[in-house]
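Taking it in order: structure first as structure tokens, then the write-up.
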Number of protein chains: 2
Amino acid sequence: MFLSRSTNTLDAKGRISVPADFRSVVSAKSQSGVPADADGFDGIIVWPSFDGPYLEGGGIALLRDYQALLENMDPYDDARIAFERAIFAESRRLSFDANGRVSLPKELAEYAQLNGQVTFIGLGRRFEIWSPKNYEALAVNAREMARENRHRLRLVGRPNPPSQGGGL
Amino acid sequence: MFLSRSTNTLDAKGRISVPADFRSVVSAKSQSGVPADADGFDGIIVWPSFDGPYLEGGGIALLRDYQALLENMDPYDDARIAFERAIFAESRRLSFDANGRVSLPKELAEYAQLNGQVTFIGLGRRFEIWSPKNYEALAVNAREMARENRHRLRLVGRPNPPSQGGGL
DNA sequence: TTGTATCCCATAAAAACCCATGCTATCCCC
DNA sequence: GGGGATAGCATGGGTTTTTATGGGATACAA
């Protein structure tokens with residue numbers, strides 16, 4: 001699960017360290033020692049958001065989830081085709097180097113207006129990559145809006161666990 | 001999984017470099033060192049789309065998937081016969097040369113209005129081959145339409161797994 | 001011959017790989 | 001609990017490998 005927020009440096013070669021937390025999410029090995037992902041890909045997948053000047057990303061498992069979702073739609077549904085083109089076609093496989101960095105293609109960096117500093121935002125199943133400046137503005141609103149909508153934050157599901165502390 | 005988009009050159013001899021990403025998708029070897037594809041074919045399979053002036057393609061695994069799909073239809077269903085003729089009969093096996101290129105038959109290049117530059121579009125299980133000009137227009141629409149329909153892109157919550165990493 | 005298809009080689013640019021260095025958090029031993 | 005050893009992380013920079021592409025040589029067929 002992608003959690004937390006951290007800002008790293010985009011160096012002159014276009015490389016950036018993926019937060020160690022994030023790396024361990026995507027490169028979780030199975031017991032056999034083989035990567036959990038069937039195709040042995042060790043890295044992240046990133047594409048330009050279609051909702052603003054930032055990037056979205058996740059592990060290959062996320063892409064498979066999207067694939068499953070899309071494959072349940074009509075093959076020639078316009079929305080499906082649009083999603084395929086906006087996500088699959090625009091995404092890039094970025095694999096980790098020995099130090100846990102990826103090199104970010106220039107056009108993605110430009111799309112997200114990144115130069116120098118880059119902020120990773122963990123959002124559970126996926127994450128976002130922002131220019132720190134652009135993100136600042138949103139972050140303040142988020143807490144306010146969350147407060148206004150706090151009544152909708154109702155957990156469902158798990159029956160009461162044996163005892164120990166519940167809560168958020 | 002075919003991901004990303006890239007534009008390569010179609011040279012005077014009708015050859016074109018298949019993006020390295022795509023090559024590694026289709027020529028993934030099994031642990032034994034033998035090609036995963038039973039028949040040892042190392043290349044891609046391409047046919048003219050029946051939905052526009054572009055080509056569709058994939059690995060031999062994709063063709064097998066289509067075969068399985070069609071074999072579940074009535075043998076004399078007109079649609080089945082049409083699909084078989086439009087896909088199987090029109091497709092070409094293009095094998096990689098030592099540098100990862102294939103040579104694209106002229107009639108396919110003409111069908112997709114290719115000259116000089118060629119764009120490969122990764123779409124998960126399959127890919128498409130477009131004239132860059134023709135695709136450009138679609139790409140901008142795709143992002144807009146994806147944005148308009150983004151509420152449909154909802155990943156279902158994974159059921160609570162025993163313990164380790166669940167969904168958001 | 002004239003194309004056409006295959007194979008081989010050369011090369012520039014880009015990507016991947018390797019090594020080194022501060023810095024921080026953690027561990028462990030006394 | 002202090003303090004040094006240790007390990008992991010983020011970062012910089014050089015070097016090697018891969019990739020995409022052009023072009024020559026060879027074999028075969030129309």
Side-chain angles (χ1 to χ4, degrees), chain A residues 2-29 35 39-46 57 91-110 114-122 127 129-130 132, chain B residues 2-29 40-46 57 92-110 114-122 127 129-132:
Chain A
F2 298 107
L3 292 175
S4 92
R5 170 176 56 91
S6 69
T7 299
N8 288 345
T9 324
L10 184 63
D11 72 15
K13 286 175 161 180
R15 297 176 300 186
I16 184 163
S17 286
V18 176
D21 269 11
F22 286 24
R23 294 204 298 265
S24 62
V25 172
V26 300
S27 43
K29 308 289 200 254
D39 47 15
F41 171 67
D42 191 31
I44 57 177
I45 293 169
V46 173
S91 70
R92 297 303 181 84
R93 255 176 228 266
L94 311 181
S95 35
F96 299 137
D97 71 8
N99 298 335
R101 285 179 292 197
V102 297
S103 55
L104 199 63
K106 240 193 315 241
E107 69 270 20
L108 288 183
E110 279 167 12
L114 305 176
N115 56 344
Q117 296 297 96
V118 172
T119 301
F120 287 84
I121 314 281
F127 59 83
I129 296 177
W130 285 79
Chain B
F2 297 105
L3 292 177
S4 94
R5 169 177 56 91
S6 69
T7 298
N8 288 346
T9 321
L10 183 63
D11 71 14
K13 289 175 165 179
R15 297 176 300 185
I16 183 161
S17 286
V18 176
D21 267 11
F22 287 24
R23 294 204 300 264
S24 62
V25 172
V26 300
S27 42
K29 306 291 200 256
F41 170 67
D42 192 30
I44 57 177
I45 293 169
V46 174
R92 299 281 182 273
R93 258 177 226 264
L94 311 180
S95 36
F96 300 137
D97 72 7
N99 298 336
R101 286 181 290 200
V102 297
S103 54
L104 198 62
K106 239 192 319 232
E107 71 270 19
L108 288 182
E110 279 166 11
L114 305 177
N115 56 343
Q117 297 296 95
V118 173
T119 301
F120 287 82
I121 313 279
F127 60 83
I129 297 177
W130 285 80
S131 143

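Here the structure is a predicted model, which is why all the values come from computation and not from measurement. So you know, we letter chains A, B, ... as the sequences are listed, proteins then strands, and number each from 1.
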Trace of the side-chain contact (heavy atoms from CB on, under 4.5 Å) decision for Asn8(A) with Thr119(A): CA-CA 6 Å; Asn8(A) 288 345; Thr119(A) 301; over 6 Å; no
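- For the pair Thr9(B) and dT21(D), the criterion of a side-chain N or O lying under 4.0 Å from OP1 or OP2 is met.
- Closest to the Ala20(A) side chain, of the nucleotides dA20(D), dC19(C), dC9(D), is dC9(D).
- Listed candidates were dG22(D), dG12(D), dT4(C). Nearest to the side chain of Asp11(B) is dG22(D).
- When the side-chain nitrogen and oxygen atoms of Arg15(A) are compared with OP1 and OP2 of dC17(C), none of them lie within a distance under 4.0 Å.
- The side chain of Arg92(A) places no N or O atom within less than 4.0 Å of a non-bridging phosphate oxygen (OP1 or OP2) of dA15(C).
- Atom CD1 of Ile16(B) is separated from atom C1' of dT6(C) by 18 Å (rounded to the nearest Å).
- Residue Lys106(B) is classed as a sugar-phosphate contact, given heavy-atom separations below 4.0 Å to backbone atoms only.
- Under the 4.0 Å criterion applied to side-chain N and carboxylate O atoms, Glu107(A) and Arg92(A) are assigned as salt-bridge partners.
- Taking the six-membered ring where tryptophan is involved, the planes of Phe22(B) and Phe2(B) are perpendicular, since the angle between them exceeds 60° and thus also 30°.
- Counting non-hydrogen atoms under 4.0 angstrom, Val18(A) reaches the backbone sugars and phosphates but no base.
- Between the side chain of Arg93(B) and the backbone N or O of Ile44(B) there is no donor-acceptor pair closer than 3.5 Å.
- Interatomic distance, CD1 of Ile129(A) versus CD1 of Ile121(A), reported as 10.0 Å (0.5 Å rounding).
- The residue Asn8(A) sits close only to the backbone: its heavy atoms come under 4.0 Å of sugar-phosphate atoms, none of a base.
- Using a 4.0 Å heavy-atom criterion, one finds that Asn99(B) contacts the bases of the nucleic acid, with or without backbone contacts as well.
- For a distance-only test at 3.5 Å, the side chain of Lys13(A) qualifies as a donor-acceptor partner of the base of dG14(D).
- As rounded to whole Å, 12 Å separates atom C1' of dT11(C) from atom CZ of Arg101(B).
- A residue-by-residue look at Gly100(B) and Asp21(A) shows that Asp21(A) has its nearest nucleotide of DNA chain D further toward the 5' end.
- At least one side-chain nitrogen or oxygen of Ser103(A) sits closer than 4.0 Å to the OP1 or OP2 atom of dA16(C).
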